[in-house]
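Note that this is a predicted model, so its numbers are computed, not measured. We use all heavy atoms of the structure for the numbers below, so side chains are in, but hydrogens, waters and symmetry mates are not.
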Amino acid sequence: MRRCTPACSVDLQGRAVRTHGGEVTLSLRPGDDGIVFVRRDTGQRYPADLAHHVPVPNCTALGADGRAEVYFVEHVLAALMGLGFSDCEVVLDGPEVPLFDGSALPLVEALGEAGRAELPGEVAPITLDRPIWLANKGRCLGAVPAEEWSIDYSFEHPHPLTPWDHVHLDARTEFATGIAPARTFATSGEIQALMDQGLIQGGDDSMIVVVYDDHLSSPFRLPHELATHKALDLFGDLALLGCPLQARLVAYRTGHADNHALAQRIAVGRAICTPSVP
């Protein structure tokens, strides 16, 4: 894949949900140093890599010295990786990427508006020479050597309105229409628990699919939206590897912590990774 970056800057506005509940401006700008998140208010730069990943509940965050400085980076990373952008400066005026409508679609549309500019060099994928499997408390995630990427995600939840779901995605799936529109979801009870823990400071039903006791806040957009959004998060989390992963991914009931653990295992034991080929 040729290295490329947005051809021009494009701005998006949305609301923070975790840190303050106010408006946030996110700018996608041309860059030539990989994918980097920049805090406009502090001037700090955080490369989107495992060295700058900071474990936090319920999302993916970047920072330094164990302190999270940019939350909810996974949808931006998924959009950039899914559309084949290798380099971009993601500039924020605060510590949080807006959820927008809970999906990666607004970011995909913004990148389409920006266009793309090629950079010197190519990005080669990570390939595996053996399967890697992780299992923990009824969850399972594996990466198997393959000729092209694919994701099989199986979702299961005890709520009667969120039954078992499964989706298969691969290199023939159109990211912009088949993956990016899938939205974040949570039950009303899960949201209340997060509020009680101080992990939600703002937001409304337009930013997430809320699963109430007897109805959804809005109809599903995709036939398998629950499983597809989990696959979207997996796609974005594995972007922390720094280059595309050419493997078959199989996941059951997994989340961000599992995705990050798999990325760490791949980073330690990967057979081939050449991020930039002249």
Side-chain angles (χ1 to χ4, degrees), residues 18 34-37 46-63 66 68-86 88 90 96-100 102-105 107-108 123 125-126 128 132-136 139-144 149-155 167 169-170 173 175 179-180 182-186 199 208 225-270 273 275:
R18 187 184 188 110
I35 300 172
V36 181
F37 286 76
Y46 303 100
D49 57 31
L50 289 170
H52 291 86
H53 166 247
V54 179
V56 299
N58 303 108
C59 73
T60 299
L62 301 174
E69 299 289 354
V70 185
Y71 295 89
F72 290 110
V73 301
E74 59 268 27
H75 295 175
V76 180
L77 294 178
L80 290 167
M81 188 66 69
L83 296 179
F85 287 90
S86 60
C88 182
V90 184
E96 182 177 338
V97 174
L99 274 185
F100 301 112
S103 79
L105 187 57
L107 295 154
V108 165
V123 177
I126 297 172
L128 306 177
I132 299 174
W133 291 97
L134 303 174
N136 183 35
R139 305 187 307 274
C140 182
L141 178 59
V144 180
W149 75 265
S150 66
I151 299 176
D152 279 277
Y153 192 98
S154 295
F155 171 85
V167 70
L169 307 166
D170 59 34
T173 304
F175 182 85
I179 303 177
R183 293 165 295 171
T184 303
F185 59 91
L199 296 178
I208 186 174
E225 187 161 3
L226 301 177
T228 302
H229 185 78
K230 289 291 191 177
L232 169 68
D233 283 344
L234 175 59
F235 210 84
D237 290 342
L238 293 181
L240 294 175
L241 288 165
C243 43
L245 175 62
Q246 183 176 300
R248 180 189 177 199
L249 298 165
V250 181
Y252 172 66
R253 296 184 62 242
T254 51
H256 291 296
D258 307 290
N259 302 343
H260 302 147
L262 178 64
Q264 292 285 357
R265 283 280 300 275
I266 292 172
V268 170
R270 64 194 179 193
C273 179

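Under the 4.5 Å side-chain criterion, counting only non-hydrogen atoms from C-beta, Leu141 is in contact with Asn259. For the pair Phe37 and Val76, the minimum side-chain heavy-atom distance is below 4.5 Å. In this structure, Leu262 and Ile132 have side chains that are in contact, with non-hydrogen atoms separated by less than 4.5 Å. In this structure, the side chains of Val97 and Tyr71 stay at 4.5 Å or more apart for every pair of heavy atoms.
Distance check: Arg265 CZ to Leu128 CG gives 11.0 Å after rounding to the nearest 0.5 Å. Rounding to the nearest 0.5 Å places CD1 of Ile126 at 6.5 Å from CD1 of Ile266. The CE atom of Met81 sits 8.0 Å away from atom CG of Leu241, with the distance rounded to the nearest 0.5 Å. Taking CD from Glu74 and CG from Leu232, the interatomic distance works out to 8.5 Å, rounded to the nearest 0.5 Å.
With sequence neighbours left out, the side chain to side chain donor-acceptor pair (under 3.5 Å) criterion links Arg183 to Ser218, Glu225. Annotation: side-chain contact (heavy atoms from CB on, under 4.5 Å) contacts of Asn136 (sequence neighbours excluded): Arg139. The side chain to side chain donor-acceptor pair (under 3.5 Å) check on Thr254 picks up nothing, with sequence neighbours excluded. Applying the side chain to side chain donor-acceptor pair (under 3.5 Å) criterion to His52, with sequence neighbours excluded, gives Asp49. Judged as a side-chain contact (heavy atoms from CB on, under 4.5 Å), and not counting sequence neighbours, the contacts of Leu83 are Phe85, Val108, Leu111, Arg116, Phe175.
Residues Trp133 and Cys140 share a closest heavy-atom pair of CE3-SG, 3.9 Å. Between Val54 and Ala68, the closest heavy-atom pair is CG1-N, 3.8 Å. Considering all non-hydrogen atoms of both residues, Thr173 and Leu169 come closest at OG1-CA, 3.6 Å. Of all non-hydrogen atoms in Ala239 and Leu77, the two that sit nearest each other are CB-CB, 3.9 Å. In terms of heavy atoms, Ile35 sits closest to Ser86 at CG1-O, 3.7 Å. The shortest heavy-atom contact between Ile179 and Trp149 is CD1-CH2, 4.2 Å.
When only modelled atom types and interatomic distance are considered, Thr184 and His229 share a side-chain donor-acceptor pair under 3.5 Å.
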Going by atom type alone, with no hydrogens or angles, which donor-acceptor pairs under 3.5 Å involve a side-chain atom of residues 244-251 and a protein atom two or more places apart or on another chain?
| residue | atom | partner | partner atom | Å |
| --- | --- | --- | --- | --- |
| Gln246 | NE2 | Ala146 | O | 3.4 |
| Gln246 | NE2 | Glu147 | O | 3.3 |

Give every donor-acceptor pair under 3.5 Å between a side-chain atom in residues 56-63 and any protein atom, sequence neighbours left out.
| residue | atom | partner | partner atom | Å |
| --- | --- | --- | --- | --- |
| Thr60 | OG1 | Asp237 | OD1 | 2.5 |
| Thr60 | OG1 | His256 | ND1 | 3.3 |
| Thr60 | OG1 | His260 | NE2 | 2.9 |

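Listed for the Asp258 side chain is a donor-acceptor partner under 3.5 Å among the backbone atoms of Gly255. Formation of a donor-acceptor pair under 3.5 Å by the Glu96 side chain with backbone atoms of Phe72 is not found in this model.
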(request) Apply the test ring-ring contact (aromatic ring centres under 6.0 Å, His included) to residues Phe185 and Phe155: give CA-CA distance (whole Å), side-chain angles for both, the deciding distance (0.1 Å), then the verdict. (result) CA-CA 12 Å; Phe185 59 91; Phe155 171 85; 5.3 Å; yes

